[in-house]
Amino acid sequence: MEQFEGQDILNFIKELPNDEACKAYLAKIKWQDGFTCSKCGHTKGCEKSGYNYHCYACHHVESSTANTLFHKVKFGLQKAFCVAFEMSTSSKSISSIQMGKRFSIRQGTAWFFMQKVRKSMKSSQKYPLEKLIHVDEFTVGGKEEGKQGRSYDSKKKKAVIAVELTDNNKVKRVYIKSIDDYSAKSLTPIFEEHISTSAKIITDKWRGYEPLKEVYNIEQIYSNNGANFKQLHIMIMQVKSWLRAIPTHVSKWHIQAYFDEFCFRINRSQFKTSIFHKTICRMVEEKPVYQKLIKQKLNV
């Protein structure tokens with residue numbers, strides 16, 4: 001089976017009409033470089049019915065979903081593929097309530113699996129921003145009386161955004177990171193994880209960026225009410241509007257996953273033909289993290 005491309009839901013259902021077709025798709029991705037037993041590491045085996053693999057050394061039989069984020073999906077593999085398709089190809093966000101109704105899944109089950117998809121959308125951190133980068137902080141949440149600027153006691157969720165611009169002043173890539181405050185310590189991780197030390201970085205005059213000048217090429221200019229950071233503020237407005245499309249509360253425990261989902265779409269917008277396939281590949285590469293997600297769920 002060839003990799004699925006495009007965003008047409010009818011073609012998607014035609015190409016992957018049932019759970020068996022989805023298993024075949026997973027198996028092709030999982031063992032594209034050959035079989036390796038997850039139990040003993042042996043590389044010799046044979047394919048069994050149901051797209052399972054039998055290890056000749058330890059006789060372990062491994063399914064195509066084992067050790068992936070599709071492991072033990074109880075509502076059907078095709079529905080799981082549909083959820084991943086909706087999340088990766090749609091430009092609008094969708095709540096777990098809506099997703100549950102769309103595919104006849106319990107809201108809690110839909111939320112839990114959607115968190116798995118968001119986990120796969122997290123940046124690999126292998127390709128840092130390299131050229132012209134604009135960096136600024138922003139907040140997410142309702143309006144608070146008497147809270148302006150960088151209010152440390154605000155209940156709003158705080159974040160820092162880095163936007164890479166092309167030579168034509170267009171947005172090339174975006175990364176957003178949730179922060180606890182506006183100190184240099186909180187601002188440093190987005191630089192270390194996503195920005196090259198050779199990049200030219202422009203920020204406003206906030207003093208929290210001063211210590212980072214020892215490592216990064218940072219130029220500080222006045223924001224001029226956002227006029228000097230036009231593309232960056234457009235992206236901030238877009239992520240806020242995107243989050244408002246989710247008609248449920250997003251807690252501080254999960255806000256980073258939503259930021260990752262937004263950035264995943266933006267950064268791959270020029271490669272939309274294969275965005276679904278990329279998402280599935282990430283979900284095959286990731287390992288199940290049930291206990292961590294359950295603990296996070298309790299903190300909603």
Side-chain angles (χ1 to χ4, degrees), residues 1-30 32 50-51 63-65 68-123 171 173-174 238-248 250 254 257-286 288 293:
M1 181 184 296
E2 299 297 326
Q3 83 174 43
F4 179 81
E5 297 185 351
Q7 301 180 67
D8 190 321
I9 185 67
L10 296 179
N11 287 339
F12 176 79
I13 297 298
K14 182 179 178 181
E15 292 292 327
L16 299 164
N18 51 48
D19 286 2
E20 287 301 305
C22 295
K23 285 181 183 179
Y25 197 95
L26 277 182
K28 181 179 179 181
I29 296 172
K30 184 174 180 178
Q32 60 183 335
Y51 302 100
S63 68
S64 57
T65 60
T68 74
L69 295 185
F70 291 100
H71 187 53
K72 292 186 178 180
V73 168
K74 299 184 183 301
F75 52 88
L77 194 55
Q78 189 198 31
K79 286 185 179 182
F81 266 52
C82 287
V83 172
F85 180 82
E86 287 278 356
M87 292 182 66
S88 61
T89 60
S90 174
S91 60
K92 301 293 183 181
S93 186
I94 182 170
S95 72
S96 57
I97 296 173
Q98 293 171 307
M99 193 72 81
K101 290 179 179 178
R102 184 167 296 182
F103 297 110
S104 299
I105 307 170
R106 285 178 57 253
Q107 182 273 330
T109 302
W111 178 93
F112 190 80
F113 185 74
M114 289 172 75
Q115 288 299 105
K116 289 185 178 183
V117 180
R118 291 188 179 103
K119 175 178 171 57
S120 70
M121 292 178 170
K122 183 178 180 180
S123 170
V171 174
R173 283 187 293 165
V174 178
Q238 285 187 2
V239 70
K240 288 185 176 182
S241 298
W242 182 78
L243 285 171
R244 280 195 290 269
I246 306 171
T248 54
V250 179
H254 306 119
Y258 287 90
F259 287 153
D260 291 339
E261 181 183 355
F262 177 82
C263 295
F264 182 86
R265 288 200 180 104
I266 293 295
N267 295 344
R268 287 159 182 79
S269 59
Q270 55 187 326
F271 305 110
K272 284 184 175 179
T273 55
S274 60
I275 191 169
F276 165 76
H277 182 78
K278 180 65 175 178
T279 304
I280 297 298
C281 288
R282 289 277 194 90
M283 295 183 75
V284 170
E285 294 169 0
E286 292 284 356
L293 284 174

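Across A110 and S96, no two heavy atoms sit closer than the pair CB-O, 3.6 Å. Closest approach of A257 and Q115 over heavy atoms only: CB-NE2, 4.1 Å. For the pair H277 and I29, the tightest heavy-atom approach, listed with the atom from each and the gap, is CE1-CD1, 3.8 Å.
Taking the side chain to side chain donor-acceptor pair (under 3.5 Å) definition, one finds that T65 meets it with S63, sequence neighbours left out. Legend: residues meeting salt bridge (Lys or Arg N to Asp or Glu O under 4.0 Å) with R118, ordered by chain and number and at least two apart, are E261. Residues satisfying the side chain to side chain contact (heavy atoms under 4.5 Å, CB included) criterion with K101, sequence neighbours excluded, are I97. Listed by chain and residue number, nothing satisfies the side chain to side chain donor-acceptor pair (under 3.5 Å) test with S123 (two or more places apart in sequence, or in another chain). Among residues two or more places apart in sequence or in another chain, the salt bridge (Lys or Arg N to Asp or Glu O under 4.0 Å) test is passed with E20 by K23.
With hydrogens and angles disregarded, no donor-acceptor distance shorter than 3.5 Å links the side chain of S241 to the backbone of Q238. Side-chain N or O atoms of R282 include none that pairs as donor or acceptor with a backbone N or O of K119 at under 3.5 Å.
How far NZ of K30 is from OH of Y51: 15.0 Å, rounded to the nearest 0.5 Å. Here the SG atom belonging to C281 is positioned 9.5 Å from the CZ atom belonging to F276, to the nearest 0.5 angstrom. Separating the CD1 atom in I13 from the CG atom in N18 is a distance of 10.5 Å, to the nearest 0.5 Å. Once rounded to the nearest 0.5 Å, the distance linking OG of S120 with CD of E285 reads 9.5 Å.
Side-chain atoms of M283 and T68, non-hydrogen and from C-beta on, never get closer than 4.5 Å to each other. By the 4.5 Å heavy-atom criterion applied to side chains, F259 and L243 are counted as neighbours. Taking 4.5 Å as the limit, some side-chain heavy atom of M121 sits within range of a side-chain heavy atom of S88. Between K278 and F264, the closest side-chain pair of non-hydrogen atoms falls below 4.5 Å.
The aromatic rings of F70 and F113 lie tilted to each other, with the angle between the two planes from 30° to 60°.
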Please list, one pair per line, the donor and acceptor atoms closer than 3.5 Å that link side chains of residues 77-87 to other protein atoms, with sequence neighbours excluded.
residue : atom : partner : partner atom : Å
Q78     : NE2  : L16     : O            : 3.0
Q78     : NE2  : P17     : O            : 2.9
K79     : NZ   : F103    : O            : 3.0
E86     : OE1  : R102    : NH1          : 3.1
E86     : OE2  : R102    : NH1          : 3.2

